[in-house]
Amino acid sequence: MTPEFLDKVREMTKEFFALPTEEKQKYLRQVNDIQGYGNDTVFSEQQTLDWSDRLYLSVYPEEHRKLKFWPQNPKSFSEILDQYTMKLQVVTKTVLEAMARSLNLDVNCFRDLYGEQGKMDVRFNFYPPCSRPDVVLGVKPHADATLITHVLQDKQVEGLQFLKDDQWFRAPIIPEALLINVGDQTEILSNGIFKSPVHRVVTNPDKERISLAAFCIPESDKDIEPFESLVNESTPGLYKKVKNYVGIYFEYYQQGKRPIEAAKI
Ligand SMILES: O=C(O)CCC(=O)C(=O)O
Ligand SMILES: [Fe+2]
């Protein structure tokens, strides 16, 4: 993907969030739906909400698309999102093959698990300036439920941070790059060799920030468990077999637990 194309995607994201509220509310997420425009999903009254606006859309396979949630404004939104999806499919395949190679596994093992009908959902994030960045987060600490996540970050404003050894580290801005994050399902499949890192987004007192996350999720009937060749007497399997991990994920997340704990032996 060219830097110019990535800029186009950032631009249309900014243009959408800059629309008047009434215009954005045409795409409002309904109760019991994940797709659409809105704030953080409310699970309980005690919950601290993330300081962000979001637009969540399923983009692949095409029959999952709910076009009523695809903005008509800016005009080129759907066309650019469709192009971005197709380009990301190619990147996804390449990355999954590289992951397999780096573990000395069959080159297709991650790709076969993702499947031809593997799902891709995107989340456009908008973080308005926040007067109390010391207490309010754009996104609470979490790890992704995915196989991998592609993150297109804002070109000017940082915010994403990763937890390592009890310390938060800033993700640098690299304008022409996508940040690819390992999700929980890859941690399970790789028997813990690839780690799914906990991350969060901090707020900024005077600048707004956008980002676009694309979540790659295997077909829900696939068994997710450590690849056989990574398990032997000296390295026992660390995770149980799970199915439809995204379902398990939300159950745990709502209880404030780390979902991957459910899969640990
Ligand atoms: O805004 C970002 O940079 C990342 C957002 C994120 O972690 C997510 O949407 O899962
Ligand atoms: Fe995330």
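Scope of the values below: all heavy atoms of this structure, side chains included, with no hydrogens, waters or symmetry mates. As the structure lists them, so they are numbered: ligands from 1, and atoms in each ligand from 1.
Near A213, with a cut-off below 4.0 Å to any heavy atom, the atoms of ligand 1 are 9 (O). Near Y127, the atoms of ligand 1 lying under 4.0 angstrom from a non-hydrogen atom of the residue are 1 (O), 2 (C), 5 (C). Contact atoms of ligand 1 toward H199: 7 (O) (distance under 4.0 Å to a heavy atom of the residue). In summary, the atoms of ligand 1 found under 4.0 Å from a heavy atom of F215, numbered by their order in the structure, are 9 (O), 10 (O). Proximity to N125 (heavy-atom distance under 4.0 Å) selects the following atoms of ligand 1: 1 (O), 5 (C), 9 (O). The atoms of ligand 1 that sit less than 4.0 Å from any heavy atom of V201 are 1 (O), 2 (C), 4 (C).
Of the protein's heavy atoms, S211 OG, 3.3 Å lies nearest to atom 2 (C) of ligand 1. Of all protein heavy atoms, the one closest to atom 10 (O) of ligand 1 is H142 NE2, 3.2 Å. Taking atom 9 (O) of ligand 1 as the reference point, the nearest protein heavy-atom neighbour is R123 NH2, 2.9 Å.
Look at R209 and you'll find a heavy atom under 4.0 Å from some atom of ligand 1.
Within the 4.5 Å cutoff, the side chain of I224 has heavy atoms near those of the L189 side chain. Side chains of L55 and K24 form no contact here, defined as non-hydrogen atoms less than 4.5 Å apart.
Taking the centre of each ring, F77 and F124 come in below the 6.0 Å mark.
Only the side chain of D144 comes within 4.0 Å of ligand 1, judged by heavy-atom distances.
Across Y60 and G118, no two heavy atoms sit closer than the pair CD2-O, 3.4 Å.
No other N/O/S atom of D144 lies as close to the Fe ion (ligand 2) as OD1 does.
A salt bridge is defined here as a Lys NZ or Arg NE, NH1 or NH2 lying under 4.0 Å from an Asp or Glu carboxylate O, and D154 with K207 fails to meet this definition. Under a 4.0 Å N-O distance rule, the pair D144/R123 does not qualify as a salt bridge. Taking 4.0 Å as the cut-off between side-chain N and carboxylate O, K8 and E11 do not count as a salt-bridged pair.
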- Task: Might you work through the salt bridge (Lys or Arg N to Asp or Glu O under 4.0 Å) test for E219 and K222, ending with a clear yes or no?
- Result: CA-CA 6 Å; E219 293 166 12; K222 299 272 197 228; 3.5 Å; yes

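Residue K75 qualifies as open at atom NZ: its count of foreign heavy atoms under 6.0 Å is 12 or below.
Rounding to 10 degrees, one finds that the Fe ion (ligand 2) sits at the corner of an angle of 90° between H199 NE2 and H142 NE2.
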